[in-house]
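So that the names make sense, note that chain A is the first sequence line, chain B the second, and so on, each numbered from 1. Note: hydrogens, waters and symmetry copies are ignored here, and every other heavy atom, side chains too, is used.
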Amino acid sequence: MAYNFKEIEEKWQEKWYREGTFNAKQDFSNKKKWYGLIEFPYPSGQGLHVGHPRSYTALDIIARKKRMEGYNVLYPIGFDAFGLPAENYAIKNHVHPKITTENNINHFREQLKALGFSFDWSREVNTTDPSYYKWTQWIFIQLYKKGLAYKATMPINFCTGCKVGLANEEVVNGVCERCGSPVVQKEKSQWMLKITEYAQRLIDDLEDLDFLDKIKAQQTNWIGRSEGAEVNFKLAANGEELDSNLLIYTTRPDTIFGATYMVVAPEHEVIKKYADKITNLEEVNAYKERAALKSDFERAELNKEKTGVEIKGIKAINPLTNEEIPVWISDYVLITYGTGAIMAVPAHDDRDFEFARKFNLPVKPVIMPKADTECGQLQEELEAKFIALFNDGNNEENDPAYMKEAFTDVENGISVNSGFLNGLPSKEAIEKAIQYIEENKLGERKVNYKLRDWVFSRQRYWGEPIPMVYCEDCGWNPIPESELPLVLPDIEDYEPGENGESPLAKQTEWIKTKCPCCGKDAKRETDTMPQWAGSSWYFLRYMDAHNDEALASKEALEYWSPIDWYNGGMEHTTLHLLYSRFWHKFLYDIGVVPTKEPYQKRTSHGMILGTNGEKMSKSKGNVINPDDIVNEFGADTFRVYEMFMGPFDQTAPWSMESIRGCGKFLDRVWNMQEILVDGEEYSKEHEKMMHKAIKKVTSDIEEMKFNTSVAEFMKMTNEFYKDKVINKAEYKTFLQLLNPFAPHMTEELFSILGESKTINETPWPTYDEAKTIDDEIEIPVQLNGKVKAVVLVAKEASEEEVKAVVAANESVQKAIDGKTVVKEIYVKGRIYNIVVK
RNA sequence: GCAGAUGUGGCGGAACUGGCAGACGCACAGGACUUAAAAUCCUGCGGGACCUAAAUCCCGUGCCGGUUCGAUUCCGGCCAUCUGCACCA
């Protein structure tokens, strides 16, 4: 018989949320605290996605278990409600984003409650609430005061049709998603945050954190530390030295003798500066314009054919060889990385090599591979041959010295044709080259990061206003903190302003203000903050959600920091996770928070795909609505299924058949009442199974192996049915273990059993290690690695005893009959392998 | 392109630290119950060889090769798929 999930689930949810059963204790008691965090949702119009509950259920299970283990648990929820979709909806339908957002949040809240999550709803936050974003703005002002927020001219995507700035997402194949007009890069003055100042600490401090290795690796790679040197190349025109140098960055200063040309990014200042010296300025400028149409992403695509133009009239001088070499402009060099200029060493860099071949530039090898001594090659011999072959830097394909590809191996290279570097292995040559460069004042050692500063301005309405004022006399200044929050004005026209301005630029009354310094007329900043802003510190607000004196009290911050466990999507690893770590470190530096890192542990969940194995999307028509699932199967089945569907950290396709199976399992759990007998202790025949199960489920939950926990529950259920009996003690333990997964039904059954306490008030079951160990174990017997028999031995049996049992085994005797036993291997308690000939 | 993952039956997946490959579930097939269906319960279920059954044997964890008594697991080289790439969140 199927149980009435609808009635039961509503009953318990009503009780939990009315009584605040799962609200964290306020008293900062001596109880151990545990703070679990999930990424708060963006309340989209489509409602909850089935992907949300995967993460929420996982941490809900852990939170419920932690409560039973005696922790004071904080498991909060809120809404990250600023963002583009609400604004686009407003433009289309003329509904204020505030209204859409409120409606969507109400819908989300109901959906989340219907799933029975043990969230502390008393601490709900909403990033669009002025009492919340007051502190987002406050943090921005502190960043500004410490010189970490600055204005810079950065390119934005600009639609030539709509005349507005676009998000990267709104640019599809180089054209505007809405009108199809070409999108170009347009320069605009924007607020930037100096995350690069924290690059090294963001790498170093990862070490002590319990993040998944792949998350650490992704963050480290994103920050992209590289060591090398900045080197000045002198410039000359018509044989005369120019007054300024071309500064380049290289990670391979040991290859400097092989630099045969230079490349500058299209935006590089040298073009403007020496425009009068450039003899093909028109051609160069035309190239610049073409490059402006491409995004960095398109430019960096290596499979695209390289393009470029030589800047004629200007030459660079290699500081080590004093040779004059040409200067090119090409978009494979990015203005945003390093110095925006490189020395090209085609013989030892794949990109330079490709470029040199295309434009027929000389390739001059200065590194040769280490001799393969195992093959008896002599280094001197190889070197002599190599120098003879490559000395001329020849470029003819029929020349025996013609290189087919760049040699880039830094581990196995030796410098040649490189003056004082000759004979040194690459690593040593790099060091020596840097030394030489520094001693001769040609440049300096330099560490570079791929990480770029954070573009913090958005030309949008639905975001936190940036609390800055511009005065003709005093420049930019923050508004006084006493005036926070700077409330986003109510407007009716959400269309972007002229030339990609924010919609706020049209609010002439709101813009007008007084300069906080001199009191003269001044103008407000009209750009707003990115959505990342509100989500960069929300976890702090949960600790003390209603404080209007500070973002949270010192006491609360001390008690709850750091977050013990943060689960979220892999897609947030490089942006949100890095941004929030950066803000947290800043807040630590100014004494606001007590820990230098916000999250002690970070895990990630896999995505849920549609039944066809593709990403769920409206256009593909494969979206599963959680409401339908809850209505048809109930929240408990939904939760159990999402935990059972596959390994938690991997993507998994949805299956309607499989969820039915989970519903069947819960029915069987419910119907175990029919085979229930009295019993204060586990029965003899089930004792071992109970202890083993407690052990397995306890460790599985900590390791997020929820799928095998559910399998364990199913196995137990099968066992009880097979024996046609379960006693009360066994049922109680079973329900306690299953409670975090299926909280409603297990609570109901617990009360049916006549328990006065609810499960969440009972302690987590414990096990006795001794009772989990089998007295007799099965040992597979292999013949040359293939199983031929299984023997049963006592768990403490010695090798001799096992050997005797194996030798006596009929199948084994048959298998080795007529063969010679070469060797016998016994791994205690695991395997017995006989090697025969 | 760069970065991070993944690859095991018809399907989702399991397998401790290198030790019985396929736990658990779904689907499917057969049976019981039923006037019937649904639900429920029981049994079988990687592929192949032998007429059938039992028994036995062979093959099998993306592909090729290596280390090992023994490899889904370790090493080298490929192939395929997925995710992110800085203004989607």
Side-chain angles (χ1 to χ4, degrees), chain A residues 1-2 39 41-42 44 80 82-85 154 156-157 165-171 190 195 213-215 217-222 224 296-304 336 350-351 450-460 530-532 535 569-576 578-579 606-607 609 613-615 641 644-647 649-662 664-665 667-668 671 705 707-715 717-718 721 778-790 814 822-825 827 829-836:
Chain A
M1 201 192 74
E39 285 166 350
Y42 171 74
S44 75
D80 187 16
F82 276 127
L84 205 51
M154 290 299 291
I156 59 165
N157 297 310
L166 297 178
N168 276 352
E169 196 206 39
E170 297 170 298
V171 184
Q190 315 230 55
I195 188 171
D213 286 342
K214 60 177 176 181
I215 294 175
Q218 239 183 63
Q219 288 219 344
T220 307
N221 290 335
W222 184 260
D296 274 6
F297 173 48
E298 283 175 285
R299 288 195 204 178
E301 263 186 303
L302 284 189
N303 54 353
K304 287 249 170 82
T336 46
D350 293 325
R351 293 155 301 183
K450 283 204 192 98
L451 185 70
R452 289 180 237 159
D453 275 342
W454 177 3
V455 183
F456 201 69
S457 295
R458 299 290 183 274
Q459 294 71 47
R460 301 283 174 180
Q531 191 165 23
W532 309 106
S535 61
M570 244 354 241
E571 68 275 19
H572 293 288
T573 303
T574 48
L575 301 181
H576 161 64
L578 216 50
Y579 289 153
M607 212 186 338
L609 305 173
E614 289 176 54
K615 204 169 169 174
Y641 171 61
F644 185 60
M645 66 195 307
D649 61 345
Q650 282 169 38
T651 53
W654 186 270
S655 160
M656 275 306 180
E657 284 74 36
S658 289
I659 191 170
R660 214 158 274 136
C662 291
K664 209 161 91 179
F665 158 66
D667 282 340
R668 278 160 69 81
N671 291 333
K705 289 160 81 176
N707 52 335
T708 51
S709 280
V710 176
E712 189 70 17
F713 293 133
M714 289 172 169
K715 264 200 289 201
T717 308
N718 291 344
Y721 273 104
E778 288 183 338
I779 303 288
V781 183
Q782 296 183 331
L783 212 72
N784 290 348
K786 295 204 168 165
V787 179
K788 294 291 168 187
V790 177
K814 217 172 117 191
V822 180
K823 197 173 167 188
E824 288 179 62
I825 299 151
V827 181
R830 293 231 185 270
I831 199 104
Y832 198 96
N833 193 17
I834 304 169
V835 187
V836 295

(request) Taking atom P in both G31(B) and A37(B), compute the distance separating them and give it to the nearest angstrom. (result) 12 Å
(request) Specify the closest pair of heavy atoms between Leu578(A) and Gln219(A), including all atoms of both residues, with the distance to one decimal. (result) CD1-OE1, 3.2 Å
(request) Test for a donor-acceptor pair under 3.5 Å between the base of C85(B) and the side chain of Gln218(A), counting only N and O atoms. (result) no
(message) What is the distance, to the nearest angstrom, from the NZ atom on Lys715(A) to the P atom on G22(B)?
(response) 12 Å
(message) Expressed as a whole number of angstroms, how long is the span from Trp654(A):CH2 to G25(B):C1'?
(response) 15 Å
(message) Between P on A3(B) and CG on Asn221(A), what's the gap in Å once rounded to a whole number?
(response) 7 Å
(request) Would you indicate what Asn833(A) reaches in the nucleic acid, counting non-hydrogen atoms under 4.0 angstrom: base, sugar-phosphate, or nothing? (result) base
(request) Mind checking Glu614(A) for me? I need base, sugar-phosphate or nothing, with any heavy atom below 4.0 Å counting as a touch. (result) nothing
(message) Checking Phe456(A) now: which residues fulfil ring pair (Phe, Tyr, Trp, His ring centres under 6.0 Å) with it, not counting sequence neighbours?
(response) Phe140(A), Trp454(A)
(message) Can you see if the side chain of Lys786(A) gets near the phosphate of C59(B) - specifically, an N or O under 4.0 Å from OP1 or OP2?
(response) yes
(request) Grab the CE-C1' distance between Met607(A) and U81(B) for me, whole Å please. (result) 13 Å
(message) Tell me every residue that passes side chain to side chain contact (heavy atoms under 4.5 Å, CB included) with Asn718(A), counting only those two or more places apart in sequence or in another chain.
(response) Arg668(A)
(message) Once you apply a heavy-atom cut-off of 4.0 Å, does Glu712(A) come out as touching a base, just sugar-phosphate, or nothing?
(response) nothing
(request) Could you check how far CD of Gln219(A) sits from P of G84(B), rounded to whole Å? (result) 17 Å
(message) Does G9(B) count as syn, meaning its glycosidic angle lies within 90° of 0, or as anti?
(response) syn
(message) Distance check needed: C69(B) P versus Leu783(A) CG, whole Å only.
(response) 15 Å
(message) For the backbone of Lys705(A) and the side chain of Thr708(A), can you confirm whether one donor and one acceptor N or O come within less than 3.5 Å of each other?
(response) yes
(request) Have a look at Glu39(A) and say if it touches a base, only the backbone sugar-phosphate, or nothing, with a 4.0 Å heavy-atom cut-off. (result) nothing
(message) Roughly how many Å apart are A3(B) and C74(B), using the C1' atom of each and rounding to a whole number?
(response) 25 Å
(request) Note every stem involving RNA chain B: at least three consecutive Watson-Crick or G-U wobble pairs, i with j then i+1 with j-1, with both distances under 3.5 Å. (result) B:1-7 with B:79-85, B:10-12 with B:24-26, B:28-32 with B:40-44, B:46-49 with B:56-59, B:62-66 with B:74-78
(request) Measure distances between side-chain N and O atoms of Gln782(A) and base N and O atoms of C69(B), and say whether any donor-acceptor pair falls under 3.5 Å. (result) no
Enumerate the protein-to-nucleotides 41-44 of chain B contacts in which both atoms are nitrogen or oxygen and the separation is below 3.5 Å.
{"unit_1": "C41(B)", "atom_1": "OP1", "unit_2": "Arg668(A)", "atom_2": "NH1", "d": "2.5"}

(message) Please report the interatomic distance NZ(Lys664(A)) to CG(Asp667(A)), rounded to the nearest 0.5 Å.
(response) 10.0 Å
(request) Could you tell me the separation between the CD atom of Glu571(A) and the P atom of C85(B), rounded to a whole number of Å? (result) 9 Å
(request) Hey, which sits more toward the 5' end of RNA chain B by its nearest nucleotide, Lys788(A) or Ile215(A)? (result) Ile215(A)
(message) Ignoring hydrogens, what is the shortest heavy-atom contact between Ile825(A) and Val835(A)? Give both atom names and the distance.
(response) CD1-CG2, 4.4 Å
(request) Have a look at Val787(A) and say if it touches a base, only the backbone sugar-phosphate, or nothing, with a 4.0 Å heavy-atom cut-off. (result) sugar-phosphate
What N/O pairs connect the protein and nucleotides 9-13 of chain B at under 3.5 Å? Give each pair on its own line.
{"unit_1": "G12(B)", "atom_1": "O2'", "unit_2": "Met645(A)", "atom_2": "O", "d": "2.4"}

(request) Give me the ring orientation class for His572(A) and Trp532(A): parallel if the planes are under 30° apart, tilted from 30 to 60°, perpendicular past 60°. (result) perpendicular
(request) Give a yes/no on whether any side-chain N or O of Arg452(A) is located under 4.0 angstrom from OP1 or OP2 of A86(B). (result) no
(message) What contact category does Asp80(A) fall into here, base, sugar-phosphate, or nothing, at under 4.0 angstrom with non-hydrogen atoms?
(response) sugar-phosphate
(message) Return whichever of Lys615(A) or Leu575(A) has its heavy-atom-nearest nucleotide of RNA chain B closer to the 5' end.
(response) Lys615(A)
(message) Just the rounded figure in Å: distance from P of A15(B) to CD1 of Ile831(A).
(response) 18 Å
(request) Give one of base, sugar-phosphate or nothing for Ser535(A), where a contact means two heavy atoms less than 4.0 Å apart. (result) nothing
(request) Just call it for His576(A): base, sugar-phosphate, or nothing, with non-hydrogen atoms closer than 4.0 Å on any strand. (result) nothing
(message) Can you list everything that forms a side chain to side chain contact (heavy atoms under 4.5 Å, CB included) with Asp649(A)? Sequence neighbours excluded, please.
(response) Lys214(A), Pro647(A)
(request) Please confirm whether the backbone N or O of Gly569(A) pairs with a side-chain atom of Glu39(A), one donor and one acceptor, at under 3.5 Å? (result) yes
(request) Kindly say whether Glu824(A) contributes a backbone atom to a donor-acceptor pair with the side chain of Tyr832(A) at under 3.5 angstrom? (result) no
(request) For Glu657(A), report the nucleic acid contact type (base, sugar-phosphate, nothing); a contact means any heavy atom under 4.0 Å. (result) sugar-phosphate
